[in-house]
Amino acid sequence: MNIYKINDIAELIRGNSYVGRGIVIGKTADGEKACTAYFIMGRSANSRNRIFKEHGGDLYTEPFDASKVEDPSLIIYAAVREAGNRLIVTNGDQTDTVYDGITSGKSFGEALKSREFEPDAPNLTPRISGMLTFENDDFTYEMSILKSADADGTACNRYTFSYPSLNGLGHFIHTYVCDGNPIPTFQGEPERVAILDSIDEFTNSLWDALDADNKISLYVRYTDIKSGKIEKRLINKNK
């Protein structure tokens with residue numbers, strides 16, 4: 001087993017009907033750009049009734065058809081927010097928790113101590129989060145997953161991963177292993193994946209590999225490390 005293998009993200013998810021929500025962070029092979037990607041999937045009508053929309057440089061999930069919203073509590077939130085030289089991405093309203101914590105002087109991990117997995121028994125969906133910190137013409141990044149310690153949701157296990165940025169390497173964390181009842185939650189460390197120089201090639205490869213029935217939206221953002229120039233791609237299945 002090669003623990004340093006860098007995987008093609010499309011190969012990791014193709015044929016898997018439900019990996020849930022996913023975050024990718026890493027650096028392009030040419031070493032020039034930071035990649036941040038976030039996607040959502042859904043099985044229920046309530047979950048599928050969503051789109052991504054940007055407001056002032058931040059990314060939000062919103063209802064596609066507001067008249068059909070059943071329960072907005074776990075599906076409507078800010079997914080990507082800027083906080084000074086940091087970029088936060090999460091799969092829930094803990095984006096705001098991290099933002100508030102960071103701007104008040106807390107670390108990424110400290111900010112998340114007040115949160116735990118989602119209260120959606122029996123699945124007890126993990127909360128996954130990431131944050132990039134840009135400084136000295138480079139960046140580092142952190143990722144977190146908050147998971148139930150048991151099937152009853154009696155306690156929360158907290159895992160935080162910190163990474164230097166390396167050319168061509170990214171890390172991929174998602175909420176579920178695959179479909180099921182209850183749905184099995186993500187296991188182990190974030191997966192090592194290749195970050196392509198072309199934002200279009202990376203975006204198209206990821207979107208095409210996601211299950212056609214269950215994918216909902218994808219957002220990809222490339223940030224030039226030195227100039228700060230941003231490229232973005234946003235795909236919504238609902239139009």
Side-chain angles (χ1 to χ4, degrees), residues 8-10 13 19-41 50-62 76-96 98-99 102-103 108 128-135 137-144 161 163-175 190-210 215-237:
D8 179 338
I9 192 169
I13 61 180
V19 292
R21 285 163 277 174
I23 295 171
V24 184
I25 302 175
K27 183 186 279 186
T28 54
D30 60 15
E32 295 181 358
K33 298 178 178 68
C35 167
T36 309
Y38 179 58
F39 66 79
I40 58 175
M41 305 180 76
R50 286 184 290 174
I51 57 172
F52 281 166
K53 187 174 286 188
E54 280 193 296
H55 296 283
D58 294 335
L59 182 75
Y60 293 81
T61 62
E62 294 188 357
I76 307 301
Y77 53 87
V80 179
R81 292 189 68 182
E82 297 178 353
N85 66 328
R86 295 179 172 91
L87 185 66
I88 303 159
V89 52
T90 90
N91 74 326
D93 63 9
Q94 74 268 24
T95 303
D96 297 333
V98 175
Y99 180 91
I102 291 299
T103 54
F108 176 70
I128 55 174
S129 308
M131 186 177 76
L132 298 80
T133 300
F134 295 90
E135 55 188 355
D137 289 334
D138 206 348
F139 72 99
T140 56
Y141 57 102
E142 298 165 87
M143 302 182 102
S144 164
F161 307 89
Y163 300 104
S165 59
L166 300 178
N167 293 3
L169 175 64
H171 289 86
F172 173 39
I173 192 167
H174 41 100
T175 51
E191 297 161 319
R192 294 163 58 90
V193 296
I195 304 298
L196 307 179
D197 289 338
S198 166
I199 187 173
D200 288 318
E201 187 178 352
F202 183 80
T203 301
N204 293 336
S205 176
L206 179 50
W207 181 251
D208 291 345
L210 289 169
K215 65 184 178 183
I216 300 171
S217 297
L218 168 64
Y219 176 79
V220 180
R221 173 172 171 151
Y222 274 30
T223 305
D224 187 285
I225 298 167
K226 291 187 177 181
S227 72
K229 181 181 178 181
I230 296 170
E231 288 184 276
K232 307 171 188 176
R233 300 292 184 268
L234 194 160
I235 302 175
N236 286 313
K237 186 176 179 181

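Just so you know, these numbers come straight off a predicted model, no measurement behind them.
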List in chain and number order the residues that pass side chain to side chain donor-acceptor pair (under 3.5 Å) with [X], two or more places apart in sequence or in another chain; answer none if no residue qualifies.
X: D30; result: T28
X: T175; result: none
X: R81; result: D96
X: S165; result: K27, D138

TODO: Report yes or no: does T95 contribute a side-chain atom to a donor-acceptor pair with the main-chain N or O of A78 at less than 3.5 Å?
DONE: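 Answer holds: yes.
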Open item on the list: Can a donor-acceptor pair be found, under 3.5 Å and without considering hydrogens, that links the side chain of K215 to the backbone of K237?
Closed with: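 No, K215 side chain to K237 backbone: no donor-acceptor pair under 3.5 Å.
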Open item on the list: Going by salt bridge (charged side-chain N to carboxylate O under 4.0 Å, His left out), name the residues that satisfy it together with E62, two or more places apart in sequence or in a different chain.
Closed with: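 Applying salt bridge (charged side-chain N to carboxylate O under 4.0 Å, His left out) to E62 gives K53.
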TODO: Tell me, please, which residues at least two apart from D8 pass salt bridge (charged side-chain N to carboxylate O under 4.0 Å, His left out).
DONE: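 Here no residue qualifies.
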TODO: Kindly indicate, with the supporting measurements, whether the criterion side chain to side chain contact (heavy atoms under 4.5 Å, CB included) is fulfilled by N85 and T133.
DONE: CA-CA 6 Å; N85 66 328; T133 300; 3.8 Å; yes
Open item on the list: How long is the straight-line distance from CD1 of I9 back to NE2 of H174, given to the nearest 0.5 Å?
Closed with: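 Separation between the atoms: 8.0 Å.
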Would you mind writing out the side-chain donor-acceptor pairs for residues 31-40 within the sub-3.5 Å range, not counting sequence neighbours?
unit_1: Y38; atom_1: OH; unit_2: Y77; atom_2: OH; d: 2.5

TODO: Name all residues meeting the side-chain contact (heavy atoms from CB on, under 4.5 Å) criterion together with N236; count only those two or more places apart in sequence or in a different chain, and write none if there are none.
DONE: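 Here the qualifying residues are I51, F52, S217, L234.
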Open item on the list: Among residues at least two apart in sequence or on other chains, which ones pass side-chain contact (heavy atoms from CB on, under 4.5 Å) with E142?
Closed with: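 Partners of E142 under the side-chain contact (heavy atoms from CB on, under 4.5 Å) test: F108, M131, S162.
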Open item on the list: Among residues at least two apart in sequence or on other chains, which ones pass ring pair (Phe, Tyr, Trp, His ring centres under 6.0 Å) with Y60?
Closed with: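 Only H55 meet the ring pair (Phe, Tyr, Trp, His ring centres under 6.0 Å) criterion with Y60.
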TODO: Check whether any side-chain heavy atom of I13 lies under 4.5 Å from a side-chain heavy atom of L206, and answer yes or no.
DONE: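 Yes, their side chains come closer than 4.5 Å.
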TODO: May I have all residue pairs that pass salt bridge (Lys or Arg N to Asp or Glu O under 4.0 Å) and include part of residues 194-204, sequence neighbours excluded?
DONE: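 Passing the test, one end in residues 194-204: D200-R233.
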- [ ] Can you run down the side chain to side chain donor-acceptor pair (under 3.5 Å) pairs that involve residues 218-227, sequence neighbours left out, and say none if there aren't any?
- [x]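 Sorted result for residues 218-227: E54-Y219, E82-R221, D224-S227.
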Open item on the list: Can you confirm if the aromatic rings of H171 and F161 lie within a centre distance of less than 6.0 Å?
Closed with: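 Between H171 and F161, which both carry aromatic rings, the centre distance is not below 6.0 Å.
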- [ ] Check the pair V24, I195 against side chain to side chain contact (heavy atoms under 4.5 Å, CB included), reporting the backbone distance first and the verdict last.
- [x] CA-CA 9 Å; V24 184; I195 304 298; 3.9 Å; yes
Open item on the list: Please tell me whether S129 and T90 have a donor and an acceptor in their side chains that are separated by less than 3.5 angstrom.
Closed with: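 The answer is no; no qualifying pair exists.
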